[in-house]
Novice: 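Dropping a structure here in structure tokens format, bear with me for questions.
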Amino acid sequence: MSRHLLPRELTIHTAADTHRALLAWVAGLGDARAWHVDASPVDETDGAGVQLLLSLSRSAAQAQATLHIETPSPALARACRTLGVAGTLLDIPADGRPA
Amino acid sequence: MNDHDDLAFIADALPAFVSEGQEQIASIEQLLLQLEDTPDDRELLDALFRCAHTVKGSAGIFGLDAVVAFTHHVETLLDCLREGELALTPEISTLLLQCNDQIRQLIDQATGGIDDASGQATREALVARLDALHPGASQARPGETTMATKAADQMQAWQVSARFGTDTFRNGMDPLALLSYVGQIGTLDAVHCDDEAVPALDTLDPESCHLGFAFALHTDQGRQAIENAFSFAIDDTVLQIDEAGAATSANETLPDAEPSADTTAAAPARLREPAGTATADPGRYIRVQADRLDAVINLLGELVIASAGASLLARQTRNGALIEANQQIGTLVEDIRNGTLQLRMVPIGESFSRFRRVVRDTAAELGKEVALEIVGGETELDKAVVERIADPLMHLVRNALDHGLETPAQRLAAGKPAQGKLTLSACHESGAILIRIADDGRGIQRDKVLQRAWDRGLVERGVTPPDAEIFNLIFEAGFSTAEKVTNLSGRGVGMDVVRSNIEALRGSVTVSSQEGHGSCIEIRLPLTLAIIDGFLVGVGASRFIFPLDAIAEVIEDRPTATALDARGRSVVELRGRVLPVLSLRTLYALDTPPPERCSVVVIHSGTQRYGVLVDLLLGQHQTVIKPLGRMFRSLRGMSGSSILGNGEVALIFDVASLGQLAMEAATSPSRPQSPASTQGTL
């Protein structure tokens, strides 16, 4: 339960489902100080998908937890760089190479 | 697993790409031809660039590297044209048209065709010519932004901020795809995502967009290009573009998020891609697969039949209100069916405008000057008809260019303007469409045609038929009067094929001509292939339908002919002439005793005339054509089936092949029986 696996498709088409899944996961985390998300399966994403991760990151901040989006797939890393959120979400420099 | 999914996705989406690509290619061609008249039209140049860019972009998604690589060179040249660095001369235009042909070939090959060496050689030669026009282009690799080849002093830095509206995602826009696209027109730098407005998960509507972006953009393309990038989302987006200062050097810019094809691929192809011109023109169209539409039309056909059955039952109850209600349903169903058939209608103009290119190239090849005029391009007819008429039209247009129109010198000598005129027109005429191909050339030389017809034995020597008949002889097999056989026509094959193709669509073709003043070919076609005016007849318990326009006359109530051969063939006398007749009962082995008296339906098919013996004449019938089931495919003489109001199936005759069955009687009566024996009762 501690590590949440993101879906293969993280886009507007799956946003509602992913959102529900994330809410359920967060609800079960309790007082955990570190939230771990496995981002390796994501091979398709878009602005809505990235926004969902930003929202998750905001939730984590509100719960005074740290969000770790781990092993981001190249597709997600690229999207985050393009949108200028690589630093916020992925702990890699904005113009960095894929992790 | 993911790879597998990707492959499956690509395989699914590829046909759509090919069809869209072909549309873009067609647009490019049209735009190039339009630009020949107005070479400085900035909007056309922009549209042209967008088309090429879209082709390249979508080809990238599918990993069609050959298309990307080649199109890239074209795109680069188009960009120069757009920026006014080059003027569009006829030579460049021709070159681009040739390149466009190559792109079309490459796209066609995407579905499994094999690239031949000659194609590659042609493309290499074209690339060399493209690069000669714009030497810098050769260094740019496909996938790179074109800015790499630009001089540094053209670079300009912009500070752009964009806040997307709440409905951005719902409207099919994707900020990621937009930014990726912006990354292609220049170099993105210091992208900052304004995520202040993104709420926490528990209050987030995941389908609303709360994102804003600010970034620096180094580009040589000016404010308009940046605005254009956002033009698809402009209604939702608060966009601010500021000039960030003096020109910067391209070398200083960071090689950041490369706008590779992968980035675009990461965005779902279902979302509208910003580079796509399909969305540039917000024409209110929905793209529907033709077979889905056909399925609806089929269902509606069933509905018509079911509603006819229901009103029959209603009448039997003698309940006035029920009958009336059923009638109303019936009327509505008819309206819906007609409306749905309308959905298959497309303007013929698209098909016509393809000929601009043909006329341009063919005329140039022949050293002729020809202006093409298109009239009535908005006339609509069934898509299937449009597709199948294209080839015959092409042949007729080439023929007019080759044989009809003269060279400028000949025209001037004949006192005509040097430029010839070819007119393609279409209009509706009493439930059919009339397509005219008219030229103001030398016309058909009546005497020559007649002489040739005599020589070939098409007309008895010395007999001179009326002019109209003489002209129509050019559609006879093996007829050609061209003195010189050219690449294009004159081989004596073609015109007869043209006619049989048109007749296969239940159309007709005639030609008129005035020597020295030009000729005019008229094609009449039914508006749709899905519904015909039929004539319903009965033989025993079976029902058959003839296309109404194939019926010359009906002889009612005559004694049943007795002297039938094994395949039901015989002859009767009609006004002093021998008419071959065919008994459907014998031909299709219908298991009912013949009535004492029968009727003869006289059919004309092309030049043939024959009679069909039937028991009952049941009158005109609006016929929805359904294809024959697999069992009946091999059945000669039939073209389809239809379901009658009472649920019975009626078979629709193909009058041409039925005619062959009737005619064989006269020529080879001893030939073994082929189809009838396989048929039981129908």
Side-chain angles (χ1 to χ4, degrees), chain A residues 8-27 29 35 40-63 67 73-89 93-98, chain B residues 1-3 5-6 9 164 168-183 188-216 233 254-260 262-271:
Chain A
R8 190 187 70 75
E9 183 183 354
L10 184 66
T11 68
I12 181 67
H13 302 288
T14 58
D17 291 343
T18 312
H19 181 229
R20 262 193 301 279
L22 285 172
L23 276 174
W25 173 64
V26 168
L29 280 172
W35 297 7
S40 58
V42 179
D43 63 2
E44 189 180 358
T45 190
D46 63 2
V50 171
Q51 176 180 281
L52 206 50
L53 295 182
L54 287 169
S55 174
L56 176 65
S57 141
R58 184 161 303 260
S59 287
Q62 282 177 3
L67 176 66
S73 65
L76 182 64
R78 201 159 40 225
C80 289
R81 279 201 308 278
T82 305
L83 294 178
V85 296
T88 324
L89 287 178
D95 58 345
R97 299 286 101 194
Chain B
M1 161 97 186
N2 288 342
D3 280 356
D5 285 356
D6 282 353
F9 169 73
F164 292 98
T168 302
F169 297 147
R170 289 189 199 94
N171 292 342
M173 303 298 159
D174 179 9
L176 176 60
L178 269 170
L179 259 69
S180 299
Y181 176 63
V182 171
L188 276 174
D189 194 9
V191 181
H192 171 72
C193 175
D194 178 6
D195 57 359
E196 283 306 305
V198 179
L201 273 185
D202 45 2
T203 50
L204 174 76
D205 173 358
E207 292 178 357
S208 293
C209 182
H210 308 281
L211 298 173
F213 294 92
F215 54 87
L254 291 166
D256 80 330
E258 51 203 276
S260 67
D262 289 4
T263 316
T264 330
R270 292 183 292 283
L271 293 185

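To find a chain, count down the sequence lines: A is the first, B the second, and so on, and within it residues start at 1.
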Novice: Within the distance-only criterion (no hydrogens, no angle test), does the side chain of A/Asp43 pair as donor or acceptor with the backbone N or O of A/Glu9 below 3.5 angstrom?
Specialist: no
Novice: Using only atom types and a distance under 3.5 Å, with no angle test, would you say the side chain of B/His210 pairs donor to acceptor with the backbone of B/Asp195?
Specialist: no
Novice: Which one, B/Thr203, B/Asp202, B/Thr168, B/Leu211, leads in non-hydrogen pairs under 4.5 Å with chain A?
Specialist: B/Leu211
Novice: Could you check whether B/Arg170 pairs with B/Asp205 (Lys NZ or Arg NE/NH1/NH2 to Asp/Glu carboxylate O, under 4.0 Å)?
Specialist: yes
Novice: Look only at the side chain of A/Thr18 and the backbone of A/Thr14, and say whether a donor-acceptor pair between them is shorter than 3.5 Å.
Specialist: yes
Novice: For A/Arg58 and B/Val198, indicate whether the former's side chain and the latter's backbone hold a donor-acceptor pair under 3.5 Å.
Specialist: yes
Novice: Given a strict heavy-atom distance threshold of 4.5 Å, which part of B/Pro175 is in contact with chain A: side chain, backbone, both, or neither?
Specialist: both
Novice: As an exercise: rank A/Ser59, A/Ser55, A/Ala61 by heavy-atom pairs under 4.5 Å with chain B and give me the winner.
Specialist: A/Ser55
Novice: Can you say whether A/Gln51 sits under 4.5 Å from chain B via the side chain, the backbone, both, or neither, judging by heavy atoms?
Specialist: both
Novice: When heavy-atom pairs shorter than 4.5 Å are enumerated against chain B, which of A/Val85, A/Val50, A/Leu23 gives the highest number?
Specialist: A/Leu23
Novice: Based on non-hydrogen pairs under 4.5 Å, which of B/Val182, B/Leu204, B/Leu201 is most in contact with chain A?
Specialist: B/Leu201
